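Notes for the one structure printed next.
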Amino acid sequence: MPYRRKRSSDTWHWCRNCSNWPTSDFVEQSSKPTTGELDNECQAKVAAGSCSR
Ligand SMILES: [Zn+2]
């Protein structure tokens, strides 16, 4: 499950259906990020069971 963030942001996303899922100019890594922020919307999707990975 990849994590992505915009190059200009330190907020990580991991749900492809997040409205802020980066599609260009992003950094991607496969392990859980140890720096930066985890996106609130992605976390809400996980809690609601609607996170598409
Ligand atoms: Zn997100």
Side-chain angles (χ1 to χ4, degrees):
M1 177 213 339
Y3 289 78
R4 287 188 187 185
R5 67 170 173 80
K6 278 275 197 183
R7 221 170 269 284
S8 56
S9 166
D10 62 358
T11 301
W12 290 95
H13 302 268
W14 62 99
C15 300
R16 284 184 312 225
N17 58 335
C18 177
S19 61
N20 295 309
W21 178 248
T23 55
S24 63
D25 196 29
F26 58 82
V27 179
E28 186 172 271
Q29 71 178 55
S30 55
S31 56
K32 188 166 186 176
T34 54
T35 59
E37 307 271 320
L38 295 176
D39 182 49
N40 287 335
E41 183 173 337
C42 288
Q43 296 194 77
K45 287 187 182 307
V46 170
S50 62
C51 177
S52 295
R53 291 170 174 161

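Computed from a predicted model, the values in this text were never measured in an experiment. As the structure lists them, so they are numbered: ligands from 1, and atoms in each ligand from 1.
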Backbone or side chain, does Asp39 get an N/O/S atom under 2.8 Å to the Zn ion (ligand 1)? yes
Can you tell me the angle formed at the Zn ion (ligand 1) by SG of Cys42 and SG of Cys18, to 10°?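 It is 110°, given to the nearest 10°.
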State whether the side chain of Asn17 and the backbone N or O of Ser50 hold a donor-acceptor pair below 3.5 Å, judged by distance alone. yes
Verify, without hydrogens or angle tests, whether Trp14 (side chain) and Lys32 (backbone) share a donor-acceptor contact under 3.5 angstrom.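 Between the backbone of Lys32 and the side chain of Trp14 there is no qualifying donor-acceptor contact (under 3.5 Å).
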Shortest-distance N/O/S atom, His13 versus the Zn ion (ligand 1): ND1
Which heavy atom of Tyr3 sits nearest a heavy atom of Pro33, and at what distance? CD2-CD, 3.3 Å
Taking the six-membered ring of Trp21 as reference, does the NZ or CZ atom of Arg16 fall below 6.0 Å from its centre and within a 45° cone about the axis?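 Negative - Arg16 is either too far from the ring of Trp21 or too far off its axis.
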